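Below is one structure, written out as structure tokens; the observations come after it.
Not measured: the values here are computed from a predicted model. Counting convention: from 1, in listed order, for ligands and their atoms alike.
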Amino acid sequence: MLTRLVSRFGVLYNVGVGIPRRDFLLLAAAAVLRGEDRPNRDMLTRSVRPEDLEMPLSGFSDYLTPAEHFFVRTHVYVPSVNLNEWRLKVDGQVATPLALTIDDLKKLPAVELISVLECAGNGRAFYQPPVPGLQWGNGAVGNARWRGVRLADVLKRARLEPSAREILFDGADVPLGTMPDFQRSIPLNKALDPDTLLAYEMNGETLPVKHGFPLRVIAPGWAGDSWVKWLTSIRVFDQENDGFWMKSAYRHPGRPVAPGTPVPADRMQPVTSLRVKSVIAGPLDGAQLDPGRPTTIRGVAWGGEPITAVEVSVDGGRSWKPAALQSNQRTRFGWRQWEFPWTPPQAAYYTILARARDASGNTQPLDQEWNPSGYLWNVVPRVHVNVGDSAPAPSVTSQTTPQAPPPPPPAFSNCLVCHNDDVIHQQRLTRTQWNAEINKMTGWGARVDDASRNALLDYLDKLR
Ligand SMILES: Nc1nc2c(c(=O)[nH]1)N[C@H]1C(S)=C(S)[C@@H](COP(=O)(O)O)O[C@H]1N2
Ligand SMILES: [Mo]
């Protein structure tokens, strides 16, 4: 049942792509599982297919995140690219349209920089009330050394027209069903920034397939949605792209709204810069420690700008003391590891907090601003530890036996054509939110008739 098709630009499309849309929707879910869909055991699998993998907390102990521990975020299936036929096309409002090979690109001056890459949805699982989307914990983020060419150098060769305002990126991945193609545009000033790159290497190796082989956008300081992978096309426009991924997805109100308030997309702005943030990587929440025994509170901090300080509180925020930032990690866009030595003086229950500050003086909030898509989570992190010999009493909820989920209705099989049930079962949504989610999916090609919609909603409503 696997269909393979080689396109004009040498992209080998696997599974479902090239199959007429009607037939595609009849593909059985099991037939779509491929070798590279097998989960990496070190990673937290948020979705088996398309593949979405989260770095566990232990990943924060590396300064540079190795590719095998680097989070993976894909909206659709990973395309494989044949380098001999691959071209980077540059067109639109330019005087000289280009079609570059990877060797053409490698003749331009090479640039290297270290930068964090964080998904805008990192931390979505912590939002209350819950919002739909992959339920990332802390690990939809990594730090790597990227090597490639300046986007500005490529645009210079194409000779921008004076009307140029926005640069639209498209990759070789192909939408599922009738969903809109993943395309993102960035404004000209970000595109011409000497730190905005087109990278062909990650941590000294050829860019791995999952991370965008052979070429991806590096937009340091900006959230991952602008870092388009498997890049095949750069198109110059006089205005922001008006596709789904710019005008409906990846938008933030940019101002506090009451939690749970729907905000129309046109009242929101595109997600751009990351927010200043820190993560406590150790001790783990709920850890048992000994009084009088030295321990180290450690973590990582990053944001759209360099981190200048991290402070730690071991008394729930009453007092703060500076943590030590790693001295050899002063980069503009990389993350900064920090440590705070601590000897718990006496048996007690402690609340540990961390608060990062950036070069512009921004700090992390004590209360998270809610937003409808659960983007840019950056509240002060907190970890609770119990110091002493008596472990806390087990909570009442942990003593109840979890109920087996009810069997899904027959229509549920229509929800397993493009992805598995994992993306569905991790959600914590109300019936109203599920109804909107079904509308989104039928818009993308899922088949749900009126009769089965209620049966589906009855089932989905019980997943919370
Ligand atoms: N072509 C393409 N580029 C893409 C995506 C995608 O689905 N398709 N996902 C984006 C998102 S939302 C993020 S967070 C980053 C993730 O990059 P990674 O998988 O290398 O960690 O890639 C971005 N680039
Ligand atoms: Mo993302």
Side-chain angles (χ1 to χ4, degrees), residues 9 11 13 17 36 40 43-47 49-55 59 64-81 86 88 115-125 133-136 139-146 148 168-176 179-186 197-203 205-234 241 243-246 248-252 270-274 373-377 418-419 423:
F9 297 106
V11 178
Y13 298 143
V17 181
E36 64 201 66
N40 174 335
M43 301 292 279
L44 307 168
T45 303
R46 297 295 170 209
S47 172
R49 69 174 175 109
E51 196 166 43
D52 293 296
L53 306 177
E54 178 171 340
M55 181 187 78
L64 292 179
T65 316
E68 61 271 24
H69 288 158
F70 208 95
F71 86 101
V72 174
R73 170 73 177 107
T74 54
H75 294 81
V76 295
Y77 308 140
V78 169
S80 20
V81 170
W86 177 89
L88 174 66
S115 178
V116 159
L117 162 51
E118 183 183 24
C119 180
N122 195 24
R124 179 179 291 123
L134 292 164
Q135 298 296 299
W136 301 109
V141 62
N143 192 45
R145 184 191 303 275
W146 311 96
L168 180 69
F169 303 117
D170 193 8
D173 47 346
V174 174
L176 295 167
M179 81 190 279
D181 193 11
F182 183 81
Q183 300 181 330
R184 294 278 307 170
S185 78
I186 64 172
L197 308 184
L198 305 177
Y200 44 71
E201 276 181 26
M202 174 182 184
N203 293 336
E205 313 266 351
T206 301
L207 193 63
V209 170
K210 289 176 186 185
H211 300 293
F213 175 86
L215 194 71
R216 81 173 305 167
V217 175
I218 305 299
W222 282 30
D225 40 290
S226 293
W227 296 48
V228 175
K229 303 193 273 190
W230 313 293
L231 191 66
T232 51
S233 160
I234 295 176
N241 177 252
F244 173 85
W245 301 103
M246 292 302 294
S248 300
Y250 296 113
R251 294 179 80 88
H252 190 284
V271 166
T272 57
S273 296
L274 294 175
S373 300
Y375 294 135
L376 302 174
W377 177 267
C418 305
H419 47 69
V423 291

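Residue Cys119 has at least one heavy-atom neighbour below 4.0 Å for each of these atoms of ligand 1: 14 (S). Atoms of ligand 1 lying under 4.0 Å from at least one heavy atom of Val72, given by number and element, are 19 (O). Close contacts of ligand 1 with Leu117, meaning ligand atoms under 4.0 Å from a residue heavy atom, involve 17 (O), 20 (O), 21 (O). Atoms of ligand 1 lying under 4.0 Å from at least one heavy atom of Trp230, given by number and element, are 1 (N), 2 (C), 8 (N). Which parts of ligand 1 touch Phe70 is read off a 4.0 Å heavy-atom cut-off, strictly below it: atoms 21 (O). Heavy-atom proximity to Thr74, at under 4.0 Å, picks out these atoms of ligand 1: 7 (O).
Protein heavy atom at the shortest distance from atom 5 (C) of ligand 1 is Phe182 CE2, 3.6 Å. In this structure, the protein non-hydrogen atom closest to atom 16 (C) of ligand 1 is Arg73 CB, 3.7 Å. With respect to atom 23 (C) of ligand 1, the closest heavy atom belonging to the protein is Gly224 O, 3.2 Å.
Both the backbone and the side chain of Phe71 come within contact range of ligand 1, each with a heavy atom under 4.0 Å. Using a 4.0 Å cut-off between heavy atoms, Asp173 contacts ligand 1 through its side chain alone, with no backbone atom that close. Only the side chain of Tyr250 comes within 4.0 Å of ligand 1, counting heavy atoms alone; its backbone N, CA, C and O stay farther away.
Close N/O approach between His75 and ligand 1 is found [any backbone or side-chain N/O within under 3.5 Å]. Note: an N/O pair closer than 3.5 Å links Trp227 and ligand 1 by distance alone. The N/O atoms of Lys229, backbone and side chain alike, include one that comes under 3.5 Å of an N/O atom in ligand 1. Geometrically, ligand 1 and Glu118 share no nitrogen or oxygen pair separated by less than 3.5 Å.
Using a 4.0 angstrom heavy-atom cutoff, Arg216 counts as in contact with ligand 1. For the ligand labelled ligand 1, residue Phe169 lies outside the 4.0 Å heavy-atom shell.
Counting only heavy atoms from C-beta outward, the side chains of Thr74 and Phe182 never approach each other to under 4.5 Å. Residues Trp136 and Leu44 have side chains not in contact (no heavy-atom distance under 4.5 Å, counting atoms from C-beta outward). Leu215 is listed as a side-chain neighbour of Trp86, based on a closest heavy-atom distance under 4.5 Å. Contact check for Phe71 versus Leu117: side-chain heavy atoms found under the 4.5 Å cut-off. When side chains are defined from C-beta on, Tyr200 does not count as touching Thr206, because their heavy atoms never get closer than 4.5 Å. In this structure, the side chains of Trp245 and Asp181 stay at 4.5 Å or more apart for every pair of heavy atoms.
In this structure, of Lys210, Met202, His211, Glu51, the residue bringing a heavy atom nearest to atom 20 (O) of ligand 1 is His211.
Minimum heavy-atom separation, Arg73 to Asp52: NH1-OD1, 3.1 Å. When all heavy atoms of Leu134 and Arg124 are compared, the closest pair comes out as O-NH1, 2.9 Å.
Checked against the 6.0 Å centroid criterion, the rings of Tyr375 and His252 do not qualify as a close aromatic pair.
A distance of 12.0 Å separates NE2 in His211 from CD in Glu205, rounded to the nearest 0.5 Å. The CG atom of Asp225 sits 12.0 Å away from the CZ atom of Phe169 when rounded to the nearest 0.5 Å.
For Arg145, the salt bridge (charged side-chain N to carboxylate O under 4.0 Å, His left out) partners two or more places apart in sequence, or in a different chain, are Glu112.
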